[in-house]
Amino acid sequence: MDNFMKRAVELALQNVAEGGQPFGAVLVKNNTIVSEGVNELHKKFDISGHAELLAIRRAQEQFKTNDLSGCIIYASGEPCAMCLTAMYFAGIEKVYYCASVEDAAAVGLGKSKSIYEDLKKSRSERSLQIIQMPLEEGQESPMELWKKRL
């Protein structure tokens, strides 16, 4: 196993020992670890406190950029849809993971698997209702204001 993945798994093991979930992540650029994270849901009561997101946030703050092109994430578990989406937005180019979402579901951590399944459905069939509400007549459009800035 690669040293970066070993570190991600080591972080996950340590997190479980401290009362957290079995997820650790390492963000690498130019063959060097630039940030790490573990799931901190049990510490911060923040549903977005996933290992991968925390590693991404720390790297973006360190480099003062949203663009993490050239970075690779090593994660002890397959990224959930939220983390995966953040990786797309950040420009991360590759993800290596150990345990699959199916492995996580088998030990009682099945939310990622069910979300991935739900996202395959059309909007109207998803368990989370998503309803568009147009702007009121005459209301300024944030999108149009943004367009004017360009």
Side-chain angles (χ1 to χ4, degrees), residues 1-133 142-143 145-147 149-150:
M1 181 182 288
D2 179 282
N3 283 335
F4 299 129
M5 185 60 79
K6 283 182 185 175
R7 178 64 183 153
V9 171
E10 181 182 288
L11 289 167
L13 289 167
Q14 182 179 351
N15 201 43
V16 171
E18 294 174 1
Q21 294 180 334
F23 301 106
V26 174
L27 188 76
V28 174
K29 186 167 186 169
N30 299 325
N31 217 29
T32 302
I33 295 175
V34 295
S35 63
E36 299 178 335
V38 297
N39 274 36
E40 294 185 357
L41 282 69
H42 65 296
K43 292 180 181 178
K44 307 272 183 165
F45 304 100
D46 173 3
I47 201 67
S48 69
H50 287 200
E52 301 92 333
L53 284 179
L54 293 173
I56 289 168
R57 287 178 189 153
R58 290 171 181 147
Q60 289 177 329
E61 186 175 338
Q62 177 185 340
F63 297 130
K64 305 287 185 235
T65 184
N66 292 324
D67 183 5
L68 296 178
S69 298
C71 289
I72 298 171
I73 284 201
Y74 293 80
S76 64
E78 184 174 359
C80 73
M82 175 176 60
C83 292
L84 187 64
T85 301
M87 291 175 203
Y88 275 104
F89 275 111
I92 291 170
E93 298 172 5
K94 194 177 288 187
V95 181
Y96 292 100
Y97 66 91
C98 228
S100 68
V101 292
E102 291 80 14
D103 296 332
V107 297
L109 297 166
K111 196 61 139 174
S112 289
K113 184 175 186 250
S114 65
I115 291 170
Y116 273 123
E117 290 169 358
D118 207 44
L119 288 173
K120 292 177 186 176
K121 300 173 185 175
S122 68
R123 283 187 188 133
S124 63
E125 297 175 323
R126 292 181 190 157
S127 61
L128 175 63
Q129 293 183 4
I130 303 172
I131 304 157
Q132 183 178 18
M133 294 180 68
M143 295 297 175
L145 182 60
W146 174 258
K147 184 179 174 183
R149 287 186 50 204
L150 299 178

By salt bridge (Lys or Arg N to Asp or Glu O under 4.0 Å) - contacts of Lys121 (at least two apart): Asp118
Residues which pass salt bridge (Lys or Arg N to Asp or Glu O under 4.0 Å) with Asp67, listed by chain and number, not counting sequence neighbours: none
Distance (rounded to the nearest 0.5 Å) between Leu41 CG and Asp46 CG: 7.0 Å
Heavy atoms from other residues, nucleotides or ligands near CZ of Arg126 exceed 12 (cutoff 6.0 Å): yes
Where Leu11 and Ala25 come nearest, the two heavy atoms and their spacing: CD1-O, 3.8 Å
Between OG on residue Ser124 and CD1 on residue Ile131, distance to nearest 0.5 Å: 11.5 Å
Any donor-acceptor pair under 3.5 Å from Gln60 side chain to Asn66 backbone: yes
Point-to-point distance, once rounded to the nearest 0.5 Å, from CG of Leu13 to NZ of Lys6: 13.0 Å
Spacing of Ser127 atom OG and Ile115 atom CD1 [to the nearest 0.5 Å]: 8.0 Å
Partners passing side-chain contact (heavy atoms from CB on, under 4.5 Å) against Lys64 (at least two apart in sequence or in another chain): Glu61
Side chain to side chain, Trp146 and Arg149, heavy atoms closer than 4.5 Å: yes
Other residues, nucleotides, ligands: >12 heavy atoms within 6.0 Å of Glu18 CD: yes
Pairs involving residues 21-33, ordered by first then second residue, that meet side-chain hydrogen bond (donor to acceptor under 3.5 Å, both in side chains) (sequence neighbours left out): Gln21-Asn39
Side-chain (Ser76) to main-chain (Pro22) donor-acceptor, under 3.5 angstrom: yes
Acceptor/donor pairs from residues 78-99 side chains to any protein atom, 3.5 angstrom cut, sequence neighbours excluded:
unit_1 : atom_1 : unit_2 : atom_2 : d
Glu78  : OE1    : Val101 : N      : 3.0
Thr85  : OG1    : Ala81  : O      : 2.7
Glu93  : OE2    : Gly70  : N      : 2.9

Lys/Arg-Asp/Glu bridge criterion (N-O < 4.0 Å) met for Glu40, Arg57: no
Nearest atoms (heavy-atom pairs only) where Gly24 meets Ala12: N-CB, 3.6 Å
pair Ile33-Phe4: side-chain heavy atoms closer than 4.5 Å: yes
Test salt bridge (Lys or Arg N to Asp or Glu O under 4.0 Å) applied to Glu10 - qualifying residues, sequence neighbours left out: Arg7
Shortest non-hydrogen contact between Val38 and Leu54, atoms and distance: O-CD1, 3.3 Å
Shortest non-hydrogen contact between Arg58 and Ser35, atoms and distance: CB-CB, 3.9 Å
